[in-house]
Amino acid sequence: KNQVEQSPQSLIILEGKNCTLQCNYTVSPFSNLRWYKQDTGRGPVSLTIMTFSENTKSNGRYTATLDADTKQSSLHITASQLSDSASYICVVSDANAGKSTFGDGTTLTVKP
Amino acid sequence: DVKVTQSSRYLVKRTGEKVFLECVQDMDHENMFWYRQDPGLGLRLIYFSYDVKMKEKGDIPEGYSVSREKKERFSLILESASTNQTSMYLCASSPHPSGGASYIQYFGAGTRLSVL
């Protein structure tokens, strides 16, 4: 069964600090991995999308990495801001049915 | 910018009522999706559609139906709402021409439905 596991479940950091969120998956065959940011009470918004051949993808202060061999991805947030407080969701799609499997998300709280 | 609009942000219904959740996208996307989001369960796919009048069951279609009469509009229908359908409902659209959820999806703001 395809699974996407995210860690930690929640995280609290101080404004200006960096943090890294983890995503491990068992989806096979792999098609792509996406990271979404979901503000409270809003729909998810895409941050990055990576295919098998991509190791790193950046979007401003957000940098996603992908290790297709170990089936792991991370999302690194640099110089966090209060507006980074949100849930971050990892989504992995398989190459056969094109089906997406969603992780439960990591809730990040950035405090002043 | 892609815009996916869900007709209601909050909805309160009684058990047994028929409920319609509407979703409209303005980017001529072929693919549209309905998800529900519950704490600890992530997003779960209810139904999706690759084209007008076409629909496919997702992972949890029981108790739901959908309608796609026009390309831009995808409706989720709860024929007889039950308390276990209390949830956040998210609509999404995707431009991938051959279907599937492999590519970036654009989400609406969500409808928080409470069934009493």
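The basis for the numbers below is simple: all heavy atoms, side chains too, and nothing from hydrogens, waters or symmetry mates. Every chain is numbered from 1, with letters handed out A, B, ... down the list of sequences.
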* Enumerate the residue pairs fulfilling disulfide (SG to SG under 2.5 Å) with a member in residues 27-76 of chain A, sequence neighbours excluded, ordered by first and then second residue. => none

* Structure fact -> residues 27-74 of chain A vs disulfide (SG to SG under 2.5 Å), sequence neighbours excluded, gives none

For residues [X] and [Y], report the shortest heavy-atom separation together with the two atoms involved.
X	Y	answer
A:Cys23	A:Trp35	CB-CZ2, 3.6 Å
A:Asn2	A:Ser28	OD1-N, 3.5 Å
A:Phe30	A:Phe52	CE2-N, 3.7 Å

Sort [X] into side chain, backbone, both or neither according to what part of it lies under 4.5 angstrom from a heavy atom of chain A.
X	value
B:Leu43	both
B:Arg44	neither
B:Gln6	neither

* Asked: Quick one: which residues of residues 102-110 of chain A reach chain B at under 4.5 angstrom, heavy atoms only?
  -> A:Phe102, A:Gly103, A:Asp104

* **Check: A:Asn18 side chain, A:Ala79 main-chain N or O, donor-acceptor pair, under 3.5 Å** => yes

* Under 3.5 Å donor-acceptor, A:Ser80 side chain and A:Leu14 backbone -> yes

* Check whether the side chains of A:Thr63 and A:Ser58 place a donor and an acceptor atom closer than 3.5 Å, and report yes or no. => yes

* Pair B:Ser94, B:Gln105: side-chain N/O donor-acceptor within cut-off below 3.5 Å -> no

* Between A:Asp67 and A:Thr65, is any pair of side-chain heavy atoms under 4.5 Å apart? -> no

* **Electrostatic pair A:Glu15:A:Lys111 at N-O distance under 4.0 angstrom** => no

* To do: Examine whether an atom of A:Gln38 lies under 4.5 Å from a heavy atom of chain B, and if so say whether it belongs to the side chain, the backbone or both; otherwise answer neither.
  => side chain

* Asked: How would you list, in number order, the residues of residues 107-116 of chain B that have a heavy atom less than 4.5 Å from chain A?
  -> B:Phe107, B:Gly108, B:Ala109

